[in-house]
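These numbers come from the heavy atoms of this one structure, side chains and all, not from hydrogens, waters or symmetry mates.
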Amino acid sequence: MSMEIDIYQKESDDQYIDWKGRNANPKIHGGIRAAAFACVVEVLTNMVFICNASNFVTYFTKSMHYPPAKSANMVTNFMGTSFLLTILGGFISDSLFTRFTTFILSCIIELLGLILLTIQSHSTRLRPALNLQPSQSQAAFLYTGIYSVAAGAAGINANLPAHGADQLDHSNQRQISAFFNWFFFSLCTGGLISATVMVWVEENKGWNWSFPITVIVLCLALFIFISGSPFYRHKRPTGSALTRIIKVLTYAARNWKASPNQRLGNQYAVAALNLNRADGDHKFKFLDKALIDNRVTAAEVKETRTFIGLLPIFASTIMMNCCLAQLQTFSVVQGSIMNRKLHNFEIPTPSLNVIPLIIMLSSIPLYERLYSGKNIIFKPLWRMGLGLALASGSMAVAALVEAKRRAEAADNNVMSVFWLGWQFLLLGVSDMLTLGGMLEFFYSEAPSSMRSMCTALSWCSTSMGYFLSSFLVSIVNSVSGSYGKEWLGGMNMNHGRLDLFYTLLSILNSLNFLNYMYWARRFFIKQHYESSMQLKLSLLHLYGSTIMMSFALHNFRHSVWHKGARRTEKQYM
């Protein structure tokens with residue numbers, strides 16, 4: 001029974017320690033001041049990560065001489081690996097070390113990767129000659145550097161938001177929600193610096209300047225984080241949550257065919273089952289069969305049930321992140337062959353991220369001012385649903401723009417890069433709503449014993465989205481190539497069909513949105529709403545988002561297929 005108490009007891013001060021291992025003092029440790037360190041550090045760490053991730057595709061094509069399609073897949077694999085490893089980072093901090101220690105180790109690993117990339121950018125022997133792809137040793141050096149950065153960033157992303165939220169009173173949900181909003185504000189601030197200052201450095205000074213600057217900035221972030229040690233409180237690790245979940249699933253499977261008489265023979269199991277029913281906890285009833293064995297407690301079953309209950313929501317956000325991956329890949333390649341002149345200044349394509357970032361930065365203070373806990377629009381699941389709807393609309397718009405760009409290119413005209421601003425804007429706002437909602441939702445709904453790992457689901461969704469993007473690119477090229485011409489193959493994008501690929505993403509994300517509505521509705525019914533009127537209002541908002549998507553797709557079908565696509569097809573056949 002001790003494990004049951006440890007996992008689900010109400011948050012108390014004796015669960016936290018200071019940096020010397022003593023019980024945390026509420027008057028000294030924790031609070032808004034301690035949480036603010038996480039926000040400041042997030043500005044710097046996200047600036048480092050985003051400025052590299054958003055421009056790696058240029059580095060891979062121009063400095064390492066990889067083809068555009070391979071470079072795009074390399075970037076999505078890098079991003080996917082980084083965000084996937086957040087699960088491991090969260091597991092380590094929940095089970096073995098504190099989030100403070102895990103963050104420091106992760107930061108050191110990312111620094112080592114950046115140092116390797118800095119050395120390569122300064123050495124001609126470690127980079128291929130003109131028009132040649134890297135040798136095996138050069139590629140090995142490159143992959144070691146970028147995946148060290150990926151692993152380090154994973155640990156940072158898994159632990160920094162949870163560490164900051166740990167400093168606050170968990171009985172005050174408004175304070176937790178405000179922290180994640182301002183944490184996302186810090187994340188966007190880092191992205192804004194990356195999309196302006198760092199992009200200019202990379203475009204005008206080169207990677208041999210960019211990499212050393214990111215090394216210095218990450219060192220500064222590490223210094224600031226450590227300097228807050230006297231004010232932090234640290235959650236005690238509670239052992240392996242994954243081990244407990246696996247144990248519950250194993251015993252539930254072993255007792256799958258257990259008869260009602262066997263269950264009635266275990267008084268502890270009957271009491272636990274009755275308690276669950278009284279609490280209205282009816283999800284995943286098959287897990288209750290694990291209670292037949294006295295080796296499993298009701299708290300462990302409840303912990304497993306809670307974690308599994310989050311997975312459908314997590315899975316429903318993956319497709320949106322597949323759409324988001326296009327901003328770091330094909331959108332950058334699109335911009336490189338468009339007119340980037342603004343008077344006498346040439347705009348770097350990644351700087352288009354400034355448009356959604358400025359809107360997001362201004363919307364967060366407005367959101368905080370208008371916040372009402374009683375309004376459905378401020379609920380995390382509703383924000384996520386709106387974000388998913390915007391992702392579908394953004395891909396429809398992106399398909400329109402690409403069809404128009406190809407049509408103009410067929411007439412030897414070059415479109416302005418500002419046409420890409422629409423897809424950057426819609427996907428940027430979609431990311432703000434979805435990621436911000438996920439961070440708050442998974443942290444708030446998770447058992448206290450596995451908050452880092454559940455928060456990491458937000459980043460893991462991004463990972464799955466980037467891997468899905470790589471998979472779809474390969475499948476689309478394979479299928480379209482079998483009919484004579486790859487949509488995304490070759491070095492010349494004017495001969496490809498990126499517009500059709502964007503159309504496919506819009507359709508897939510629309511179907512995914514319907515899937516999200518189903519699972520969100522179930523969660524509303526069983527977890528959040530006692531009033532049927534609130535449920536109807538939430539569904540009305542979600543269905544309204546569906547209508548918006550349908551309207552965008554309707555305009556896309558008439559505008560692209562009947563005007564741009566057919567005309568362009570004739571030019572290239």
Side-chain angles (χ1 to χ4, degrees), residues 57 60-61 66-77 80 133 318-338 391-413 415 419-420 423 464-514 549-550 552-573:
V57 68
F60 295 154
T61 53
Y66 286 112
K70 181 174 178 59
S71 298
N73 277 352
M74 287 174 65
V75 172
T76 52
N77 290 337
Q133 290 195 18
I318 293 174
M319 193 63 222
M320 174 268 166
N321 285 297
C322 178
C323 299
L324 187 66
Q326 311 316 310
L327 293 187
Q328 278 79 42
T329 54
F330 289 112
S331 293
V332 176
V333 180
Q334 278 179 285
S336 66
I337 57 176
M338 298 176 75
S392 293
S394 69
M395 286 294 97
V397 170
L400 279 167
V401 171
E402 174 60 12
K404 181 176 176 59
R405 187 199 65 77
R406 291 181 69 247
E408 293 293 328
D411 293 334
N412 296 319
N413 296 323
M415 282 178 57
W419 280 92
L420 298 181
Q423 63 207 59
M464 297 297 184
Y466 278 85
F467 281 128
L468 179 59
S469 176
S470 296
F471 175 75
L472 285 178
V473 168
S474 300
I475 292 296
V476 164
N477 275 339
S478 176
V479 173
S480 58
S482 65
Y483 287 93
K485 189 176 182 180
E486 293 183 348
W487 286 3
L488 306 172
M491 298 293 290
N492 191 340
M493 288 192 65
N494 292 332
H495 297 164
R497 294 308 306 266
L498 181 60
D499 55 333
L500 297 183
F501 179 63
Y502 283 159
T503 305
L504 176 64
L505 291 181
S506 181
I507 294 171
L508 292 176
N509 201 70
S510 298
L511 296 174
N512 173 71
F513 177 74
L514 298 177
M549 288 189 309
S550 301
L553 290 173
H554 175 77
N555 285 343
F556 163 77
R557 180 170 60 87
H558 284 281
S559 299
V560 177
W561 288 102
H562 294 296
K563 295 180 181 179
R566 289 183 179 177
R567 174 189 171 194
T568 306
E569 189 67 27
K570 293 179 181 179
Q571 295 285 343
Y572 289 102
M573 288 300 290

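Under the 4.0 Å criterion applied to side-chain N and carboxylate O atoms, Arg405 and Glu408 are not assigned as salt-bridge partners.
Residues Leu468 and Phe471 are in side-chain contact: their nearest non-hydrogen atoms beyond the backbone lie under 4.5 Å apart. For the pair Phe501/Val473, a side-chain contact is recorded, criterion being any heavy-atom separation below 4.5 Å from C-beta on. Side-chain contact between Leu505 and Met319 is present, with heavy atoms from C-beta onward closer than 4.5 Å.
Here OG of Ser394 is found 7.5 Å from CG of Asn509. Values are rounded to the nearest 0.5 Å. Atom CG in Leu400 sits 8.0 Å away from atom OG1 in Thr503 (nearest 0.5 Å). One finds the CE atom of Met320 at 10.0 Å from the OG atom of Ser392 (value rounded to the nearest 0.5 Å). Remark: Gln423 CD to Cys323 SG distance equals 11.0 Å, nearest 0.5 Å. Interatomic distance, OG of Ser482 versus CG of Asn477, reported as 10.5 Å (0.5 Å rounding). Distance check, rounded to the nearest 0.5 Å: CE of Met464 to OG of Ser469 gives 14.5 Å.
Trp419 approaches Met338 most closely through the heavy-atom pair CB-CE, 4.4 Å. Here the shortest heavy-atom pairing between Ser480 and Trp487 reads OG-N, 3.0 Å. The shortest non-hydrogen separation linking Asn77 to Ser470 is OD1-OG, 3.2 Å.
Not a single donor-acceptor pair under 3.5 Å links the side chain of Ser478 to the backbone N or O of Ser474.
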